[in-house]
2 protein chains.
Amino acid sequence: MISNSAQFELMSEFRAKCKKHNLKMTPQRVTIYQELVKAKDHPGCEDIFERVHKKFPDISLDTVYRTLSTFADIGVINQVEGYGEAKRYDPNTGRHHHLRCLKCNSIVDFQDTTFNNLRIPKSVEKSFVVNNIKVILEGLCKECAKK
Amino acid sequence: MISNSAQFELMSEFRAKCKKHNLKMTPQRVTIYQELVKAKDHPGCEDIFERVHKKFPDISLDTVYRTLSTFADIGVINQVEGYGEAKRYDPNTGRHHHLRCLKCNSIVDFQDTTFNNLRIPKSVEKSFVVNNIKVILEGLCKECAKK
DNA sequence: TATTATATAAGAATTATTCTTAATTGCAAG
DNA sequence: CTTGCAATTAAGAATAATTCTTATATAATA
């Protein structure tokens, strides 16, 4: 549950960030944002569309796609795994970790002892059977960092 | 570079795992597997299709999709981020981590101090600008674990 | 070598996402 | 409070990614 005051604060931050990025406050944007904040299930575009559609029958699916993507760009929300891209595969089944470039989408393997030896938190063990731990460092590869 | 003997061993393991899962050794499967082992770029189905197609002009795209998916199911290769699924979003922009159920695709947030404080390896810093560290525990949620 | 369950190619179908265009609307300036 | 315009939207077409259907071919086993 989110308290009323927390909800209010979230909304002000949202408005501030939109203003900062010259995004107009449209009812579609407000509704989509509020609907996502309510969600506990890391929904997809179609999910949000269905929920928003009840209160806002004229909204188009395209607007939901565009709006969520814009929100993620300016950092008011985050995209989570999967990323809506094509499937990709790795022949290396041994323990290793990934650097993922957010710009060119390259994925590079790396090794790290600390990451190899992470322990599963006790609290998690009670509610989840863990098969594997993935550590993904997201950012920019050397080439993309050069702008 | 993979040595000849390592390559040979990989191939025997591959054959063994296929046999164990009652998968026939077809030339398509062998070629697709070998092509993936050669790849260093975590390729997608289309990528593999293009590479295999040169040596095997009659192979169908569907076979590549099906075969890679089967291989991942029996664990000879792994699927990596993204997962070829629809985009999903998270309104929580604060630091947290995810449990991802491989069966029902649910994603649940969790907190962990150790994971919050992971350090970026020195070796990575030289070649990559890290924006954020993601820790994802993959496995089965309580409901799915009950089978 | 004959049998049979499995795997394949081909193309249709489905799903996810983006693009195009014309109409609409926030919002800043007067 | 009106006006003007750039930003935003709805609608549907277009594209991309993936899966399904079906008839044919083929590994593996007897």
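Order of the sequence lines fixes the chain letters, A, B, ..., with proteins taken first and strands second; residue numbering starts at 1 for each chain. All values reported here derive from a predicted model rather than from experimental measurement.
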Might you list the N or O atoms of the protein lying below 3.5 Å from N or O atoms in nucleotides 28-30 of chain C, with each pair's distance?
none

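- Annotation: Tyr65(B) is not in aromatic contact with Phe49(B) [ring centroid separation under 6.0 Å not met].
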Side chain to side chain contact (heavy atoms under 4.5 Å, CB included) between Leu61(A) and His53(A): does it pass, once the steps are laid out?
CA-CA 9 Å; Leu61(A) 183 55; His53(A) 188 260; over 6 Å; no
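- Side-chain N/O atoms of Asn116(A) and His96(A) include no donor and acceptor closer than 3.5 Å.
- For Phe14(A) and Phe71(A), the gap between ring centers is short of 6.0 Å.
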Review item, nucleotides 15-22 of chain C N/O atoms under 3.5 Å of protein N/O:
{"residue": "dT17(C)", "atom": "OP1", "partner": "Lys87(B)", "partner atom": "N", "Å": "2.8"}
{"residue": "dT17(C)", "atom": "OP2", "partner": "Tyr65(A)", "partner atom": "OH", "Å": "2.8"}
{"residue": "dT18(C)", "atom": "OP1", "partner": "Lys87(B)", "partner atom": "NZ", "Å": "3.4"}
{"residue": "dC19(C)", "atom": "N4", "partner": "Asp62(A)", "partner atom": "OD1", "Å": "2.4"}
{"residue": "dC19(C)", "atom": "N4", "partner": "Asp62(A)", "partner atom": "OD2", "Å": "3.4"}

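- No donor-acceptor pair closer than 3.5 Å links the side chain of Arg88(B) to the backbone N or O of Pro43(A).
- One can place CG of Leu68(A) at 11 Å from P of dT9(D), the figure rounded to the nearest angstrom.
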Between the protein and nucleotides 4-8 of chain D, which nitrogen or oxygen pairs come in under 3.5 angstrom?
{"residue": "dA6(D)", "atom": "N3", "partner": "Lys24(A)", "partner atom": "NZ", "Å": "3.3"}
{"residue": "dA7(D)", "atom": "O4'", "partner": "Lys24(A)", "partner atom": "NZ", "Å": "3.1"}
{"residue": "dT8(D)", "atom": "OP1", "partner": "Lys24(A)", "partner atom": "N", "Å": "3.3"}
{"residue": "dT8(D)", "atom": "OP1", "partner": "Arg29(A)", "partner atom": "NH1", "Å": "2.7"}
{"residue": "dT8(D)", "atom": "OP1", "partner": "Arg29(A)", "partner atom": "NH2", "Å": "3.1"}

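- When the P atom of dT25(C) is taken as reference, atom CG of Asp58(A) falls 10 Å away, rounded to whole Å.
- Each salt bridge (Lys or Arg N to Asp or Glu O under 4.0 Å) pair with one or both residues in residues 97-125 of chain B, not counting sequence neighbours, appears once here: Arg100(B)-Glu138(B).
- Between the side chains of Gln111(A) and His97(A), no donor-acceptor pair of N or O atoms lies under 3.5 Å.
- Annotation: the terminal axes of the helix from dT1(C)-dA30(D) to dG30(C)-dC1(D) meet at 40°, where each axis is the rotation carrying the C1' atoms of four end pairs onto the next four (5 pairs per end, rounded to 10°).
- The distance between atom NE2 of His21(B) and atom C1' of dA28(D), rounded to the nearest whole Å, is 18 Å.
- Residues forming a side-chain hydrogen bond (donor to acceptor under 3.5 Å, both in side chains) with Ser127(A) (at least two apart in sequence, or on another chain): none.
- Following rounding to the nearest Å, Phe56(A) (CZ) and dT9(D) (P) show an atom-to-atom distance of 9 Å.
- Nucleotide dT9(D) holds its P atom 8 Å from the CD1 atom of Ile59(A), rounded to whole Å.
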